[in-house]
Amino acid sequence: MLRSGYLPHVKAWSAVLSRLASAPDGGPTLALKLFDTITRRVRRFSDVTMVADSRPDTAAFNNVLNACANLGDGKMFLKLFEEMPEFGLEPDILTYNIMIKLCARCNRKDLLVFVLERVIEKGIPLCMTTLHSLVAAYVGFGDLETVERMVQAMREGRRDLCKILREANLEDFNEDEENEILNSNQIGVSVFEKLLPNLVQGSNREPPLLPKVFAPDSRIYTTLMKGYMKQGRVTDTVRMLEAMRCQDDSKGQPDHITYTTVISALVKAGSMDPARQVLAEMTRIGVPANRFTYNILLKGYCQQLQIDNAKELLKEMADDVNIEPDVVSYNTLIDGCILVDDSAGALAFFNEMRTKGIMPTKISYTTLMKAFALSGQPKLANKVFDEMLKDPRVKADLIAWNMLVEGYCRLGLVEEAKKVIQRMKENGFHPDVATYGSLANGISLARKPGEALLLWKEVKERWEVKGEGGSSGSDSDSSSLPLKPDEELLATLADICVRAAFFQKALEIVACMEENGIPPDKTKYKKIYVEMHSRMFSSKHASQARQDRRRERKRAAEAFKFWLGLPNSYYGSEWRLDPGDSDC
DNA sequence: TTAGGGTTAG
């Protein structure tokens, strides 16, 4: 009685954890907090029988460990892992599968084999899922060769997988010794040495054999196939499908996910007809396609700008195979309309979707805003944004705000854009690189270089903020939040400054770029300089006073020319524009 | 409840 008032059953809170662990937007962090709160309360009871039903079990630990893995937080993983015995719990095979993911997230491919060895040494019954996790991890690293070797060995009924993985480590080490050293940061080393005591003996010991033979199943094949797909190896993807169909193990037969992966690979390569053939094949052999499959094909047609085919497929979905399109289908089509500059069509699909009772998501709203933003109708984008604010099911986010800014900037409406940015700040959203990038483009378009100076000041201030959590002051003040501008933003700002003959600022920006390892496009600036400013300061008729005022700017121009590598007064050489010189 | 498939937002 007392317990129920304070603490939920472990099954209940563990279920919440499992959802949070892989949820976006701070889900994993929330999972950690929840786990901490509950275990803290549980610990307060000296009589454990009082809270027996609420005490964490292995599944609960696995869920919170999964949150750590998703955050790539090895330290927290270790801390919780070491708390398990306190509750009389032992890590199980799932725990180690999650540890495989942790290694992957921490970029420690070299440790994967030692997790497998640890499981074997501890005598924890190995299951197929561990092999799934391992294969997925290697695919994630793009190391398809190792996966191929694993799969081949499994097909041959071999049990020396650890040996194969050790050899892969050795090859990596020989290939790229420096990276190997870079990867092993000190914190990581101590965490993993505790998680995997077998690391200490390391490679000196003979790699253990798997306790039994595992034949690859369709999941393993499909994971490898996904690796091929990600690397654009369409032929290998298709060949893999053929190989799967030809082998006799029924567990390795292609299923709807395998086929969908093949279709996805073909669609990515723009091969719509072959993709349709695979779809037909699925129907023929009775492996039904689902909404995912159709959505992939829809996207393919949209990317190929074949909206009519997309529309036809949408109809076919609903009428022939009885798969109702969902919000993703419609978002895809709305975006497809944007690709063919059809904002009216985008709106039509948006409305059709609502008519069908399919609720738009924030992505739907933002995509529709994009339709209007890109077609020069910022007012309509604004209207959609207002609708979005009114819809209680969705929450406008930074991306939506940015789209609003983009709409105005596309037309060079800098003042409007700045008002939106002010509003977004007041609503607790801090401009990011995208916001500033749009604004910079708007400023460039509007030819208001003075605005670029203000923007550069703001960007520079935030760039110079070091570390995290340096925020202080009101919510609308983002000046203390760190920001790392990207190449595009800086290049645009520099471009504006060069065109406006703000050479001192231009130099400042390019210097910042170089300091941060972003190579400025000197050729471009050279061209602009030659085209726009080569005759600068050449007027002989200006008054002495005017000429004096120019001196500063001239010095900046000379410095900029020096940086560009153009002949300048620093070398004492005369330089004049020769039309043939401009393409240097 | 870890591990294979899809969409969107500068």
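Since the structure is predicted, the reported quantities are computational estimates derived from the model, not experimental observations. Each chain gets a letter, A, B and so on, in the order its sequence line appears, and its residues count up from 1.
Distances from the side chain of Asp255(A) to the nucleotides dA9(B), dG4(B), dG6(B) place dG4(B) closest. Comparing dA9(B), dT1(B), dG5(B) by their closest approach to the side chain of Ser14(A) singles out dT1(B). Closest to the side chain of Asp397(A), out of dG4(B), dT2(B), dA9(B), is dA9(B). When each of dT2(B), dA9(B), dG5(B) is scored by its nearest atom to the side-chain atoms of Thr367(A), the top-ranked nucleotide is dA9(B). Ranking dT2(B), dT7(B), dG10(B) by closeness to the Val328(A) side chain, first place goes to dT7(B). Taking every side-chain heavy atom of Asp326(A) into account, dG6(B) is the closest of dT1(B), dG6(B), dA9(B). Taking the side chain of Ile98(A) as heavy atoms from C-beta on, and the options dT2(B), dT7(B), dA9(B), the nearest nucleotide is dT2(B). Checking dG5(B), dA9(B), dA3(B) against every side-chain atom of His256(A), the shortest atom distance belongs to dG5(B). Comparing atom distances between the Asn63(A) side chain and each of dT7(B), dT1(B), dA9(B) picks out dT1(B) as nearest. Of the candidate nucleotides dT2(B), dG6(B), dA9(B), dT2(B) has the atom lying nearest to any side-chain atom of Leu94(A).
Legend: residues meeting salt bridge (Lys or Arg N to Asp or Glu O under 4.0 Å) with Arg118(A), ordered by chain and number and at least two apart, are absent.
The heavy-atom pair separating Pro254(A) from Arg245(A) by the smallest distance is CG-CG, 3.4 Å.
Atom CZ of Arg291(A) is separated from atom P of dT7(B) by 16 Å (rounded to the nearest Å). The CH2 atom of Trp401(A) sits 17 Å away from the P atom of dG10(B) (whole-angstrom rounding). The interatomic distance linking Met282(A) (CE) with dG6(B) (C1') rounds to 13 Å, in whole Å. As a whole-Å value, the separation of Lys370(A) NZ from dG10(B) C1' is 10 Å.
Contact annotation: side chain of Ser218(A) to base of dG4(B), donor-acceptor pair present below 3.5 Å. Judged by distance alone, with hydrogens and angles left aside, Asn290(A) brings no side-chain donor or acceptor close enough to the base of dG6(B) to form a pair under 3.5 Å. Taking 3.5 Å as the limit, the base of dG10(B) and the side chain of Asp432(A) contain no donor-acceptor pair of atoms between them.
Judged purely by distance below 3.5 Å, without hydrogens or angles, the side chains of Thr258(A) and Thr261(A) never pair a donor atom with an acceptor atom.
Taken from OG1 in Thr222(A) to OH in Tyr228(A), the straight-line distance is 12.0 Å, to the nearest 0.5 Å.
Using a 4.0 Å heavy-atom criterion, one finds that Met128(A) contacts no nucleic acid atom at all. Within the nucleic acid shown, Thr261(A) comes within 4.0 Å of sugar-phosphate atoms alone, with no base atom in reach, counting heavy atoms only. Counting non-hydrogen atoms under 4.0 angstrom, Asp486(A) reaches a base of the nucleic acid. Among the heavy atoms of the strands lying under 4.0 Å from Ala59(A) is at least one base atom, whether or not backbone atoms are also near. Using a 4.0 Å heavy-atom criterion, one finds that Asn402(A) contacts no nucleic acid atom at all. The residue Asn441(A) sits apart from the nucleic acid: no heavy atom pair falls under 4.0 Å.
Scanning residues 293-301 of chain A for heavy-atom distances under 4.0 Å to DNA chain B yields Asn295(A), Ile296(A), Lys299(A).
Note on ring orientation: taking the six-membered ring where Trp is involved, the planes of Tyr96(A) and Phe81(A) are perpendicular (angle over 60°, cut-offs 30° and 60°).
Applying the side-chain contact (heavy atoms from CB on, under 4.5 Å) test between Lys268(A) and each of Gln303(A), Met229(A), Lys299(A) identifies Met229(A) as the sole match.
By the 4.0 Å N-to-carboxylate-O rule, Glu145(A) lies close enough to Arg149(A) to be salt-bridged with it.
Regarding contacts with the backbone of dA3(B), a side-chain N or O of Lys101(A) is found under 4.0 angstrom from either OP1 or OP2.
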